[in-house]
Undergrad: 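Here it is, the structure in full.
Scope of the values below: all heavy atoms of this structure, side chains included, with no hydrogens, waters or symmetry mates. If you're wondering where the values come from, they're calculated on a predicted model, not measured in any experiment.
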Amino acid sequence: MRFYFPDSQDLVSPSYDFLRDEYPAHRVRQRDDRYAHEVLSAAPYHGILVSKSIVDGSIKGAGKYSTAQRARLHRMGVHRFFRLPPGVEALGDNGAFNYVDEAVPPVTAAQTLDFYEECGFDAGVSTDHVVFGFTEDPSSDDVNPDWEERRRLTLRLAEEFIALNRDRGSSVEPVGAAQGWSPESYAESVSALQDLGYQRIALGGMVPLKTSQILASLTAIADVLKNGTQLHLLGITRVESMDDFADLGVTSFDSTSAFRQAFMDDRKNFHTVERAYVALRVPQVDGNPTLKRAILAGNVSQKDAITAERETLKALRSYDGSSMSRRICLDRLCEYEIICQSKKSYLAAYEETLEAAPWTRCDCRICRDHGVEIGVFRGTERNKRRGFHNMSVLAKKMAQLKSHGRTDG
């Protein structure tokens, strides 16, 4: 089972000063900052997934790349741009979620293949159109005609894409996009793509589905799956079900879930193989909107807020695992919660986090280098590093799967 990490230009600065919360004066982001595979001892993924809409923008507006970054990607190629180590694959797709509201995709099969070839991708997914609807009863009156039209449009675009790929003698391995609105329609899409000659197929539109619905779809697909055809799940993690997915033909998946939970989830911020912990929230005084408003309104003393912030960080950095040290940390966190006028208290969860101190038991390079800073919910440099740590934990979880190392379906 192979894991691909969707790119959104997530990097960290190796020279960031955690004590002063400052970047070096002459930092150049793309040149100096580092990707997860550069700050961990080993890449936590088998490949990266780069969406055309992230690079070039889409109908919804500009992408995540600056004009200079976009030009550099096209000039250098995806492997050099990302400084990918040997064995890490570059997979491209269109980023269909960015134009889901359009009647038809605002990009052609030719434009898609042009992007993949110009940037030197190893493999690329055909242009698709997301179907946002699902039923396990194909006779249901709830079936929207637009669902079937989008599925068929995706197949027509896949036919154009692989024909162009062959005509050009392209070095980009074609990956067929399959959309569906039921187990049977997904199976029909996969069967049609195999008839067109695809040996790798990416299943799209499954992110909103329940695990049982994904399994039902994969079970239907398994009935038509040819030996050697590899299935990829777009945007799906669900490690606890990966062995079941693998038994039904899935060989790879992509997801940002482990990374984003570091700073987007209310509770599951710091991952370990056994469980996840709440990160210790110490927001910056000048970066907390609620606190800034309270200071400007005169309800909170800026001096008191800065003092509490510094004392909280000092206590956490001095934490030695003892009960007395833990109590001091909790007292400081409690005081800072009150000053920040937090709507929710995490103190009980903080006690669990401090008692476990999972960063002291982690052997990833990030935790070894930065210790408790990775357990602190504060600013992009700590939060993204914690996200990279989470991906290293995902790699460990995957290594424990019975399907680990299986890539031939």
Undergrad: For the aromatic rings, using the six-membered ring if either is Trp, is the centroid distance between Phe263 and Phe377 under 6.0 Å?
TA: no
Undergrad: Is it the case that more than 12 heavy atoms not belonging to Lys268 sit under 6.0 Å from its NZ atom?
TA: no
Undergrad: Parallel under 30°, tilted from 30 to 60°, perpendicular over 60°: which one fits the rings of Phe132 and Phe97?
TA: tilted
Undergrad: Would you mind checking if Asp7 and Lys64 are paired as a salt bridge, meaning a charged N to carboxylate O distance below 4.0 Å?
TA: no
Undergrad: Between Thr290 and Gln341, do the side chains contain a donor N or O and an acceptor N or O under 3.5 Å apart?
TA: no
Undergrad: Passes side chain to side chain donor-acceptor pair (under 3.5 Å), Arg151 versus Ser185? Steps please.
TA: CA-CA 8 Å; Arg151 186 185 78 86; Ser185 62; 5.0 Å; no
Undergrad: Would Phe259 and Phe5 count as a ring pair (Phe, Tyr, Trp, His ring centres under 6.0 Å) if you check the C-alpha gap in whole Å, the side-chain angles of each, and the deciding distance to 0.1 Å?
TA: CA-CA 9 Å; Phe259 174 75; Phe5 180 56; 5.5 Å; yes
Undergrad: Ring-plane angle category for Phe82 and Tyr35, please: parallel below 30°, perpendicular beyond 60°, tilted otherwise.
TA: tilted
Undergrad: So that I can tick it off, tell me whether Asp56 and Lys52 are bridged by a salt bridge, with the cut-off set at under 4.0 angstrom between side-chain N and carboxylate O.
TA: yes
Undergrad: In terms of the angle between their ring planes, are Phe81 and Tyr65 parallel, tilted or perpendicular, with boundaries placed at 30° and 60°?
TA: parallel
Undergrad: Centroid-to-centroid, Phe115 to Phe121, below 6.0 Å?
TA: yes
Undergrad: Could you go through the side chain to side chain donor-acceptor pair (under 3.5 Å) check for Ser345 and Glu337 one step at a time?
TA: CA-CA 7 Å; Ser345 176; Glu337 272 191 351; 3.0 Å; yes
Undergrad: Can you name the residues that form a ring-ring contact (aromatic ring centres under 6.0 Å, His included) with Tyr319, not counting sequence neighbours?
TA: none
Undergrad: Strictly by side chain to side chain donor-acceptor pair (under 3.5 Å), give each pair with a member in residues 297-311 just once, sequence neighbours left out.
TA: Glu309-Arg378
Undergrad: Quick one: do the Asp320 and Ser322 side chains pair a donor with an acceptor below 3.5 Å?
TA: yes
Undergrad: Aromatic contact between Phe18 and His370, with the criterion being ring centroids under 6.0 Å apart: yes or no?
TA: yes
Undergrad: Would a 4.5 Å heavy-atom cut-off, applied to side chains only, mark Thr127 and Thr108 as touching?
TA: no
Undergrad: When the ring planes of Phe270 and His389 are compared, do they come out parallel, tilted or perpendicular, using 30° and 60° as the limits?
TA: tilted
Undergrad: Do the charged groups of Glu160 and Arg156 touch, with an N to O distance under 4.0 Å?
TA: no
Undergrad: Does CZ belonging to Arg238 count more than 12 external heavy atoms closer than 6.0 Å?
TA: yes
Undergrad: Filter on salt bridge (Lys or Arg N to Asp or Glu O under 4.0 Å), then keep only pairs touching residues 274-302, sequence neighbours left out; what's left?
TA: Arg275-Glu352
Undergrad: Can you sort out the partners of His79 under ring-ring contact (aromatic ring centres under 6.0 Å, His included), two or more places apart, ordered by chain and number?
TA: none
Undergrad: Apply side chain to side chain donor-acceptor pair (under 3.5 Å) to Asp21 and Tyr16, showing your working.
TA: CA-CA 7 Å; Asp21 276 314; Tyr16 185 78; 2.8 Å; yes
Undergrad: Going by the salt bridge (Lys or Arg N to Asp or Glu O under 4.0 Å) test, which pairs reach into residues 108-117, not counting sequence neighbours?
TA: Asp114-Arg168, Glu117-Arg168
Undergrad: Quick check on salt bridge (Lys or Arg N to Asp or Glu O under 4.0 Å): which of Asp32, Asp33, Asp17 does Arg27 satisfy it with?
TA: Asp33
Undergrad: What do you reckon, is CE of Met264 surrounded by more than 12 foreign heavy atoms closer than 6.0 Å?
TA: no
Undergrad: With a 6.0 Å cut-off on the ring centroids, do Phe253 and Phe3 count as close?
TA: yes
Undergrad: Got a sec, which residues hit ring-ring contact (aromatic ring centres under 6.0 Å, His included) with His129, two or more places apart in sequence or on another chain?
TA: Tyr99
Undergrad: Main chain of Lys314, side chain of Ser318: is a donor-acceptor contact present, judged purely on distance under 3.5 Å?
TA: yes
